[in-house]
There are 2 protein chains.
Amino acid sequence: MQRVTIAQVAERAGVSTATVSRVLSRRGQVSAAVERKVRRAADDLGYQVNVIARALRNSRTDTVGMVVPSITNPFFTSLVESVEHALGKEGKELFLCDARSDPRIEARRLASLVARNVDGIIVSPSHGTESRPAVQQTAERLPLVQLDRFVDGTTTDWVGVDDVAAMRQVMDHLHEGGARSAAFIGSLMTHSSTEQRFAGFRRRAEELDIEVRPDQVLLGDYSVEWGEAAVARLIAEGGLPDAIVCADDLIALGATRACRAHGFPVPGKVQVTGYDDIEFSRLAEPALTTVHQPRDRIAAEAVRLLAAAGRTNEAERGPHAHISLVPTLVVRDSTRATGAPPEGA
Amino acid sequence: MQRVTIAQVAERAGVSTATVSRVLSRRGQVSAAVERKVRRAADDLGYQVNVIARALRNSRTDTVGMVVPSITNPFFTSLVESVEHALGKEGKELFLCDARSDPRIEARRLASLVARNVDGIIVSPSHGTESRPAVQQTAERLPLVQLDRFVDGTTTDWVGVDDVAAMRQVMDHLHEGGARSAAFIGSLMTHSSTEQRFAGFRRRAEELDIEVRPDQVLLGDYSVEWGEAAVARLIAEGGLPDAIVCADDLIALGATRACRAHGFPVPGKVQVTGYDDIEFSRLAEPALTTVHQPRDRIAAEAVRLLAAAGRTNEAERGPHAHISLVPTLVVRDSTRATGAPPEGA
DNA sequence: CACCTCATTGCAATCGATTACAGCTGGGTT
DNA sequence: AACCCAGCTGTAATCGATTGCAATGAGGTG
């Protein structure tokens, strides 16, 4: 395996390894005749550079590492796709790791990426505080950009959306649809995204005079199951409010399902909103009103920041950037059109 | 970045690099006192091996590469998750690549994995024939296992499910539900999976005397959109059969949606089945009857084959294994319970 | 006391590609 | 004719970890 080395190509072409390297990496001057001989030999032998050896010598791998909390969450997979696309344009490749929402696994992955000499790391941290040591240490060694979520109290580049602004749009829309009370279903506050989204939710609710009962703020995790369970609890403990605002689409999908299963039509009896605009939010019954994140743009900015960090010397690296993009509300069928009151109200 | 080398640890501990290496990789004999000194020094400096350098020397990277047609297809992401899990137990890591369903990108990814000296490759080829050269060449250099799909006429290890047996179960179930005619919606026959599934479909349909009109076999790609479009075409060109058998869940999700949108209740007027049992098949309305693939088992077998291939010398590698697991039918609400005739029949 | 054994430890080569530096060659200058 | 220069090519050092071989020294034996 991987038998053909530059030395063999050199021998076959009757030149030195230096010359072969110069031809194959297009650096330095080589006469046309020799170049032809070398290329010929390389093709004949099926030569392929050994990226490992090159990386050791250059301490550059043209590879970027990415760590996400869960590869089965469609939001992250589409983010990964966008990142890979953006990197492709720069001739870089992506090394993807799944942290399984566990800061310890996450720390191992980060360490392993550092050991692999990736040129930079893009991470969406699993935990708002427990991810800190690993992320911080990693950022001291390599260019690192946090994506979507971020760790409390770290100073690294970050790209994401303005959750507060998004929630403002959501609440305004629900209010127009007649909602005067609302529940919030999110993950534990250990993710910055839930924290931000909840903050935006609460602030605008107050401003619009939408009632939020403290026992109707339910925190679990980003999953369909949790959405279902949370709604079951709401129903058991005093009934549903006019609207249920969910911190992501998976939760919203589960919540919608549970509402309907318990005989509360959506959006007839209760409006439901999601967040992320994953593909299935469009397919759900009813199609989900949600917040669309500009994934390609987020990815592009992240890649740009990494590239910039890679070029400048570590010591003179400037202040870190926090890039916050504005997401857009996608109105579908799980909320009511303007002004319609709740059924039977 | 990555500043601490074995030499620095050696200096700090007052020993040679050889000794440090022996301590840190637990090989060879080292006195307890020296071992302590070395570990102490390594910890103090925050030493981490440079995997690149080690890989160059050992020509082993403890990394397995995986190439899938599309990372946004939930079936593949859950397969990836299973593979990563299985590899974790062996102390290996996964390098994941997305081929975007393009054999050319796929070829590039494979080449890059070879160049990166991965220990083995797991690939679900994008195309039944065009993927051949790249897969074949790669398999000559490295242990390689094809997963789920395979390339026509290649001799490598393969792990997947028995599509024909699965389709047999599907057809039997539909037949019991009263179906006497059926359509098939799949991807182009360029994927072995569609090919196999269609073969199983057709064979059992014949045996059960279920009518399959040639113009009701529609081939596009694995996507929700195609499922919707295909059903629209069926309706436009002569109406729906008793059952629609789809080559994967995404198609089935789209098909179901389109049926309902055009006023054909599922399973009332038409039964629909999927394949893969992705998470959203359970959440769809109605929940999808589908074929569950034993993903963990598939992944475990693939990893086992790779490990075995890695141990034996390439030359004396035995015959290649084709491991075919039996999937199970998951009956949900998009098909009819035993014996019920179509509505209005 | 001479000699042997065996556990430790160090030296230096090695993996494969890159590149600073030096050497060579042929043509152009004065 | 002596000298320069530019363009090409080769030699050898380098990246960091591993490991065969040799050296060292402590302890044991006769």
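Given the structure is predicted, the values throughout are model-derived calculations rather than measurements. Basis for what follows: all heavy atoms, side chains included, without hydrogens, waters or symmetry-related copies.
When the C1' atom of dT19(C) is taken as reference, atom CZ of Arg54(A) falls 13 Å away, rounded to whole Å. The distance between atom CG of Asn117(A) and atom C1' of dA17(D), rounded to the nearest whole Å, is 13 Å. Atoms CG (Leu24(B)) and P (dT19(D)) sit 13 Å apart, rounded to a whole Å. A straight line from CG of Leu45(B) to C1' of dG16(D) spans 15 Å, rounded to a whole angstrom. Here dG16(D) presents its P atom at 18 Å from CZ of Arg116(A), a figure rounded to the nearest Å. Atom CD1 of Ile52(B) is separated from atom P of dA17(D) by 12 Å (rounded to the nearest Å).
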Can you check side chain to side chain contact (heavy atoms under 4.5 Å, CB included) on Ile122(A) and Gln146(A), steps first, answer last?
CA-CA 6 Å; Ile122(A) 295 177; Gln146(A) 296 189 71; over 6 Å; no

Would Tyr47(A) and Val20(A) count as a side chain to side chain contact (heavy atoms under 4.5 Å, CB included) here? Give the steps.
CA-CA 11 Å; Tyr47(A) 173 79; Val20(A) 175; 5.7 Å; no

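Ion pairing of Glu35(B) with Arg22(B) is absent here, as no side-chain N (NZ or NE/NH1/NH2) approaches a carboxylate O to less than 4.0 Å. Note on Glu130(B) versus Arg104(B): no salt bridge recorded, every NZ/NE/NH1/NH2 to OD/OE distance being 4.0 Å or above. Under 4.0 Å is where a charged nitrogen must lie from a carboxylate oxygen, and between Arg304(A) and Glu301(A) at least one such pair does.
Under 4.0 angstrom from either OP1 or OP2 of dG16(D) there lies no side-chain N or O belonging to Thr5(B).
Residues from residues 55-63 of chain B placing a heavy atom under 4.0 Å of any atom in DNA chain D, listed by number, are Arg57(B), Asn58(B).
Taking the six-membered ring where tryptophan is involved, the planes of Trp158(A) and His322(A) are perpendicular, since the angle between them exceeds 60° and thus also 30°.
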Using atom names, set out every protein N or O paired with an N or O of nucleotides 6-12 of chain C below 3.5 Å, distance rounded to 0.1 Å.
{"residue": "dT9(C)", "atom": "OP1", "partner": "Ser31(B)", "partner atom": "OG", "Å": "3.0"}
{"residue": "dT9(C)", "atom": "OP2", "partner": "Ser31(B)", "partner atom": "N", "Å": "2.9"}
{"residue": "dT9(C)", "atom": "OP2", "partner": "Ser31(B)", "partner atom": "OG", "Å": "3.3"}
{"residue": "dG10(C)", "atom": "OP2", "partner": "Ser16(B)", "partner atom": "N", "Å": "3.0"}
{"residue": "dG10(C)", "atom": "OP2", "partner": "Ser16(B)", "partner atom": "OG", "Å": "3.0"}
{"residue": "dG10(C)", "atom": "OP2", "partner": "Thr19(B)", "partner atom": "OG1", "Å": "2.5"}
{"residue": "dG10(C)", "atom": "N7", "partner": "Arg22(B)", "partner atom": "NH2", "Å": "2.7"}
{"residue": "dG10(C)", "atom": "O6", "partner": "Arg22(B)", "partner atom": "NH1", "Å": "3.4"}
{"residue": "dG10(C)", "atom": "O6", "partner": "Arg22(B)", "partner atom": "NH2", "Å": "3.3"}

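A donor-acceptor pair shorter than 3.5 Å can be found between the side chains of Arg116(B) and Ser112(B). For the residue pair Ser70(B) / Tyr222(B), no side-chain donor-acceptor distance below 3.5 Å is found, with atom types taken as modelled.
Proximity of Lys92(B) to Leu306(B): side-chain heavy atoms (C-beta onward) are nowhere separated by under 4.5 Å.
Along DNA chain C, the nucleotide nearest Ala53(B) and the nucleotide nearest Val20(A) are compared for position; the residue whose nucleotide lies closer to the 5' end is Ala53(B).
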